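Since the structure comes first, as structure tokens, the remarks are kept for the end.
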Amino acid sequence: MLASTLYFGSARRQALFLALASFDWLGQAEIAKRFRYALEETDAPGNSDPAVIGRAILLLRRPRNLVRALFDTVPDGLLGAMQRLGHAPVGAPETYRELQRLFFSTTAPDRHRVKVLGQMSGSLVGAQIEIVSLLDPMLLHPAFVASVNETKQVAELNAALAYVRARCSKATGEAIRSSLARLKPGDHRSTLYKGWTYRFDRLPRTLDTRGDPTLVTLGSADALADAGRRYANCLKSKAGEVYVGNYVYIEYRPAAPEPGVIAELRVTTQGFLLEGLYARKNCKVRPERAAAVRRKLAACGVALYDHAPDDGDLVAAAAQVLSQYNFAEPDNTGWGVEFDEAPANDLEELETVASEAA
């Protein structure tokens with residue numbers, strides 16, 4: 001009995017809010033006309049529109065009867081949705097207009113939106129009425145919609161999905177639906193997008209290596225992860241930075257047994273800037289090898305750090321006195337020296353050196 005009372009309490013309140021909001025698109029005269037028909041009243045003198053509307057609200061106690069009087073029918077699921085919207089108004093008249101439009105629509109896309117609202121557990125937020133109308137149809141999954149609470153978030157989410165499709169060749173409709181199906185109640189909406197970050201295979205911007213076979217662009221999340229394993233570093237975690245175009249990573253792959261180098265390129269409005277060279281385990285790169293890689297990258301148009309425009313010895317001396325970077329190194333950005341010889345107590349390093357020399 002209590003559940004029934006609560007049901008009709010919240011549903012009736014929302015039915016009243018719907019009736020009041022409908023003044024915006026139906027007008028008082030039309031609403032009064034429909035209520036007269038429902039109450040079987042005539043246009044008797046003194047039977048004003050406001051009086052008819054007031055009597056209808058008092059006499060049509062059940063939310064179903066109130067909605068039917070206004071719109072001639074009660075679509076499946078509408079009363080349940082109004083119950084879950086609670087006792088307070090959930091938005092401007094436009095929100096109730098969209099609620100009415102969705103549930104009375106017979107188009108397949110709108111029927112799907114209504115179905116998603118019905119599949120969501122718990123209370124509904126008023127904004128979710130408009131959210132299901134604005135979201136990319138691919139994102140209409142109960143767990144995902146439940147994670148979106150404001151309409152202003154929708155444009156960003158739709159654009160982020162478009163970016164996934166642009167950067168990930170495997171982001172088909174079926175694959176995206178499969179990702180949505182793995183969402184759990186309570187997951188943040190970013191969970192979907194983070195998963196695709198580690199599946200990108202189309203760089204937003206790439207370096208023209210001018211046909212140099214020793215310079216290999218790490219152009220996918222898989223390539224970053226593979227290089228991260230081979231170099232024992234954190235390249236896999238850089239997938240997000242590469243995905244949004246902040247960085248591009250180039251692997252220098254010389255003939256064996258010379259070890260390779262990872263080059264970190266920062267994307268700028270003027271092209272690429274070399275920010276760092278890294279050997280395995282992020283060790284520093286031997287000066288002559290660093291110089292060779294820098295020359296190759298410079299030939300591809302990559303900008304390099306430089307000294308102050310003065311005599312190199314003077315700049316190096318000034319830096320040394322101030323305990324700044326050692327500018328006397330041929331590798332003048334201060335990356336330092338790579339020690340190819342493995343420490344005697346590092347078995348893994350010994351095995352790696354042995355395999356590279358084999």
Side-chain angles (χ1 to χ4, degrees), residues 160 163-164 167-171 179 187-188 190-207 209 214-254 256-268 271-287 289-294 296-297 300 302-305 325 329 331 333-343 345-356:
Y163 194 80
V164 166
R167 302 274 72 87
C168 307
S169 64
K170 296 180 180 178
S179 296
D187 278 350
H188 192 270
S190 64
T191 302
L192 171 71
Y193 301 98
K194 287 179 180 177
W196 281 100
T197 295
Y198 293 96
R199 299 175 68 179
F200 83 86
D201 55 6
R202 295 171 180 157
L203 288 175
R205 194 177 302 174
T206 187
L207 175 70
T209 58
T214 65
L215 298 179
V216 179
T217 301
L218 302 180
S220 69
D222 286 345
L224 289 170
D226 174 67
R229 287 189 293 269
R230 290 185 287 109
Y231 283 81
N233 61 23
C234 62
L235 268 176
K236 181 179 180 180
S237 70
K238 301 295 184 179
E241 295 269 28
V242 178
Y243 174 73
V244 297
N246 286 343
Y247 285 93
V248 170
Y249 289 88
I250 304 293
E251 182 182 359
Y252 169 60
R253 294 182 185 173
E258 184 184 352
V261 175
I262 297 295
E264 183 178 62
L265 308 185
R266 186 70 164 89
V267 179
T268 76
F272 296 97
L273 169 67
L274 177 61
E275 286 206 342
L277 291 179
Y278 304 95
R280 192 171 184 277
K281 289 191 172 180
N282 289 332
C283 290
K284 295 178 180 179
V285 180
R286 194 179 287 277
R289 184 173 298 124
V293 176
R294 292 173 72 247
K296 284 176 172 286
L297 293 172
C300 297
V302 176
L304 309 175
Y305 289 115
Y325 294 108
E329 297 285 352
D331 147 31
T333 54
W335 294 323
V337 178
E338 172 198 7
F339 295 97
D340 288 333
E341 298 78 12
N345 62 347
D346 192 334
L347 180 59
E348 180 187 356
E349 193 71 25
L350 283 170
E351 291 174 346
T352 301
V353 171
S355 66
E356 290 177 343

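Worth saying up front: this structure is predicted, and the values here are computed from it rather than measured. The first residue in the sequence is number 1, and the count goes up from there.
To the nearest 0.5 Å, the span separating OH on Y198 from OG on S237 amounts to 6.5 Å. To the nearest 0.5 Å, the span separating CD1 on I250 from CD1 on I262 amounts to 9.5 Å. Between the NZ atom of K238 and the CG atom of L224 there is a distance of 10.5 Å, given to the nearest 0.5 Å. Rounding to the nearest 0.5 Å gives a distance of 13.0 Å between CG of N246 and CG of L265. A distance of 8.5 Å separates CG in L235 from CD in E264, rounded to the nearest 0.5 Å.
Contact of the Y249 side chain with the E241 side chain is not registered, since no non-hydrogen atoms from C-beta on lie closer than 4.5 Å.
Remark: the backbone N or O of Y247 is not paired with any side-chain donor or acceptor of R266 at under 3.5 angstrom. Judged purely by atom type and a 3.5 angstrom limit, N233 has no side-chain atom pairing as donor or acceptor with the backbone of N282.
Scored by the salt bridge (charged side-chain N to carboxylate O under 4.0 Å, His left out) test, R253 finds E251 as partners (sequence neighbours excluded). Scanning for side-chain contact (heavy atoms from CB on, under 4.5 Å) contacts around S179 gives R182, L192, W196, R199, with sequence neighbours left out. Under the ring pair (Phe, Tyr, Trp, His ring centres under 6.0 Å) criterion, F272 pairs with no residue at all, not counting sequence neighbours. Considering only residues two or more places apart in sequence or on other chains, D226 meets the salt bridge (charged side-chain N to carboxylate O under 4.0 Å, His left out) condition with R229, R230. Remark: R205 engages no residue in a salt bridge (charged side-chain N to carboxylate O under 4.0 Å, His left out) (not counting sequence neighbours). Under the rule for a salt bridge (charged side-chain N to carboxylate O under 4.0 Å, His left out), the partners of K296 that lie at least two apart in sequence or sit in another chain are D212.
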| message | Quick one, K281 with Y231, criterion side-chain contact (heavy atoms from CB on, under 4.5 Å). Give me CA distance, side-chain angles, the key distance, then yes/no. | response | CA-CA 6 Å; K281 289 191 172 180; Y231 283 81; over 6 Å; no
| message | Under the criterion side-chain contact (heavy atoms from CB on, under 4.5 Å), I'd like the reasoning laid out for L207 against L297: C-alpha separation, chi angles, the key distance, then a yes or no. | response | CA-CA 9 Å; L207 175 70; L297 293 172; 4.2 Å; yes
| message | side-chain contact (heavy atoms from CB on, under 4.5 Å) for R289 and L277? Distances and angles first, verdict last. | response | CA-CA 10 Å; R289 184 173 298 124; L277 291 179; over 6 Å; no
| T217 vs V248, side-chain contact (heavy atoms from CB on, under 4.5 Å): CA-CA, chis, key distance, verdict | CA-CA 8 Å; T217 301; V248 170; 4.2 Å; yes
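Minimum interatomic distance between A227 and L218 (heavy atoms only, all atoms of both residues): CB-CD1, 3.8 Å. Nearest heavy atoms, P254 versus G260: CD-CA, 3.8 Å. The heavy-atom pair separating L273 from Y305 by the smallest distance is CD2-OH, 3.9 Å. A pairwise comparison of heavy atoms in A221 and T197 identifies CB-O, 3.9 Å as the closest pair. Closest of all the heavy-atom pairs between V244 and Y163 is CA-OH, 3.6 Å.
By the 30° and 60° cut-offs, the orientation of the rings of F200 relative to Y243 is tilted.
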